[in-house]
Amino acid sequence: MGGQACVLYGAAEFSRDTDFAILAEQENLDLLRRALADLQAETIAVPPFEKGYLDRGHAVHFRCSHPDALGMRIDIMARMRGTEDFGALWMRRTTFELPHGLSVEAMSLPDLVQAKKTQRDKDWPMIRRLLEANYFENRKQPTPQRITFWLRELRTAQLLIETATSFCSRARELQAERPLLKCAIAEAEEDLDSALFLEQRQEQAVDREYWLPLREELEALRRERASKTGDRLRETES
Amino acid sequence: MVDAQISDRLCLGPLGAKLFRKDSRAEGSQESFAIRIFSYVGFMLSMESICEEEWQEWYRMMPQDRWLESERLLGTFLALGGSLDPEPDSQSPFNDAATWRALSADGRPGVRSIRRSGI
């Protein structure tokens, strides 16, 4: 998921780290631990690599020291706000065949879009580009599933107007779920731009609320770590 | 009036409604869906009107080609002194100001401009 998936779907040019959604079952975590050991990856920051933190929705961060992956950062999460459990995400995944016989299992586009609805301003242009790339790639084959996805998620006003006015029956059906479709059907571009911005802000507020208890937990872990570091320094000095 | 009725019932969009007249085909039938698709495809916004040339090229690429190009871009970024460490982001719940200060003594990002045109 994350930036590397956005590269594959066309929304990003490169990413400096790699984010994985994982199944947080003990057997799988043990396998992951071995893979991370191969990369000589160590946890950085907080929280520690423990199932409980992953189950609560935290991200665990690693940096690799293996010469072939020197400095590469890896982030793992088992739960992302607004997405289903790993099993459901896995069933819907996209498999990308890459050069040199490699393949990548990427989160499906709708799931990736949902996972990207964070409190960070920088994630929202990415969502817009994910939808634009998918729209331009597929708009000559507008299946009912795609039409519904575009009406639910497009963030480019002109494209949303184009879709809503061309499929206004479906747009009206989805209006209860996404009220700004009313502006799209009416081709009120300025109002739609304002509504899209408001929608973004509301989603960011929801994400901040979701992360409040998790942030408090992270802050407590940082204080505890700082306190232990201070104790160790004092022991060294004395 | 006829155009508005057509647009509303068959959801052709304003331009599509002007071209196709309401006929005896039932709404929701395969024919009316085909008419919607035909009118929609025929009057699409151009990619050029929506995004910059750089992103147009990127959208047109196959995922495999984007992957290869992305590897190249990352290599260039690192060769120019870029860092794999994240930029400080106060909006991120993962942001730890103390960790960022430890990584970068002067507090500046890893990529610095060496030469500027004066602008």
Side-chain angles (χ1 to χ4, degrees), chain A residues 4 7-17 44-46 58-59 61 63 70-73 75 94 96-99 104 106 118-122 129 132-133 136-137 139-142 156 158-159 161-172 187 204 207-208 211 214-215 218 222 226, chain B residues 7-17 27-28 33 36-37 39-41 43-47 49-51 54-56 58-78 82-87 89-99 103 110:
Chain A
Q4 303 295 353
V7 168
L8 290 165
Y9 284 117
E13 289 178 321
F14 73 87
S15 178
R16 288 182 281 186
D17 68 354
I44 53 174
V46 291
H58 284 286
H61 314 276
R63 184 180 285 115
L70 193 61
M72 193 179 91
R73 286 181 305 108
D75 291 343
T94 303
F96 288 97
E97 298 293 330
L98 299 178
V104 167
T118 74
Q119 58 198 272
R120 305 188 311 173
D121 287 339
K122 65 193 275 188
R129 288 195 291 268
E132 283 180 1
F136 286 124
E137 183 186 350
R139 62 178 175 169
K140 290 187 180 172
Q141 294 173 308
T156 308
Q158 300 107 305
L159 299 182
I161 288 171
E162 180 173 272
T163 310
T165 53
S166 297
F167 304 99
C168 55
S169 179
R170 186 61 181 133
R172 284 199 199 100
E187 300 181 70
Q204 286 176 293
D207 194 59
R208 275 193 296 273
W211 272 95
L214 296 171
R215 270 192 190 254
L218 291 173
R222 287 173 191 138
Chain B
S7 180
D8 186 57
R9 284 203 57 191
L10 297 182
C11 297
L12 296 178
L15 286 176
E27 183 181 340
F33 186 71
R36 289 203 295 276
I37 299 300
S39 64
Y40 169 64
V41 169
F43 297 98
M44 289 174 180
L45 286 165
S46 67
M47 197 189 288
S49 66
I50 298 297
C51 52
E54 186 184 320
W55 280 109
Q56 291 169 40
W58 196 251
Y59 290 163
R60 290 193 181 102
M61 288 170 77
M62 297 293 292
Q64 299 86 341
D65 297 325
R66 285 198 281 256
W67 185 264
L68 286 173
E69 181 62 12
S70 178
E71 282 185 335
R72 194 190 68 77
L73 288 169
L74 182 60
T76 303
F77 173 76
L78 294 174
S83 166
L84 288 173
D85 288 317
E87 300 282 340
D89 181 359
S90 61
Q91 289 185 319
S92 169
F94 313 137
N95 187 60
D96 180 2
T99 302
L103 287 169

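Reminder, nothing fancy here: chain letters follow the sequence lines and each chain counts from 1.
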Chain A interface, residue from B:Asp89, B:Leu45, B:Leu73 that has the most non-hydrogen pairs under 4.5 Å: B:Leu45
Residue among A:Ile44, A:Asp207, A:Leu159 with most heavy-atom pairs under 4.5 Å to chain B: A:Leu159
Please report the C-alpha distance between A:Phe136 and B:Trp55 in whole Å, then the side-chain angles of each, then the deciding distance to 0.1 Å, and finally whether the ring pair (Phe, Tyr, Trp, His ring centres under 6.0 Å) criterion is met. CA-CA 11 Å; A:Phe136 286 124; B:Trp55 280 109; over 10 Å; no
If one checks every heavy atom of A:Ala164 against chain B at 4.5 Å, the contacting part turns out to be neither
Nearest 0.5 Å, please: how far is CG in B:Asn95 from CZ in A:Arg215? 7.5 Å
Side chain, backbone, both or neither of A:Arg208 within contact of chain B (heavy atoms, under 4.5 Å): neither
For residues A:Tyr9 and B:Arg66, determine if any side-chain heavy atom of one lies less than 4.5 Å from a side-chain heavy atom of the other. no
Interface check, chain B: of A:Gln4, A:Gln119, A:Arg129, most non-hydrogen pairs under 4.5 Å belong to A:Arg129
Side chain of B:Trp58, backbone of A:Ala12: donor and acceptor closer than 3.5 Å? yes
Which atoms of A:Leu218 approach chain B - backbone, side chain, both or neither, heavy atom under 4.5 Å: side chain
Can we say A:Arg16 and B:Asp85 salt-bridge, meaning some charged N sits less than 4.0 Å from an Asp/Glu carboxylate O? no
Within a radius of less than 6.0 Å around CE of B:Met62, do more than 12 heavy atoms belonging to other residues, nucleotides or ligands occur? no
Using a distance-only test with no angle check, is there a side-chain donor-acceptor pair under 3.5 angstrom linking B:Tyr59 and A:Glu132? yes
Roughly how far, to the nearest 0.5 Å, is OG1 of A:Thr163 from CE of B:Met44? 9.0 Å
Which one of B:Pro63, B:Ser49, B:Cys51 has the most heavy-atom pairs closer than 4.5 Å to chain A? B:Pro63
Checking B:Thr76 against chain A: side chain, backbone, both or neither under 4.5 Å from a heavy atom? neither
So, for A:Glu13 and B:Glu54, which heavy atoms are closest and what is the spacing to 0.1 Å? OE2-OE2, 2.8 Å
Taken to the nearest 0.5 Å, the spacing of A:Leu214 CG from B:Phe94 CZ works out to 9.0 Å
When the 4.5 angstrom heavy-atom criterion is applied to A:Ile161 and chain B, the contacting part is neither
Inter-residue atom distance A:Arg73.CZ - B:Leu84.CG, 0.5 Å rounding: 7.0 Å
Heavy-atom proximity to chain B below 4.5 Å, by part of A:Asp75: neither
B:Phe77 and A:Phe14 aromatic ring geometry - parallel, tilted or perpendicular at 30°/60° bounds: tilted
When the 4.5 angstrom heavy-atom criterion is applied to A:Ser15 and chain B, the contacting part is backbone
Check whether any side-chain heavy atom of B:Gln64 sits under 4.5 Å from a side-chain heavy atom of A:Pro99, and report yes or no. yes
Region of A:His58 in contact with chain B, defined by heavy-atom distances below 4.5 Å: neither
From B:Ile50 atom CD1 to A:Glu162 atom CD, the distance as rounded to the nearest 0.5 Å: 7.5 Å
From B:Gln91 atom CD to A:Trp211 atom CH2, the distance as rounded to the nearest 0.5 Å: 14.5 Å
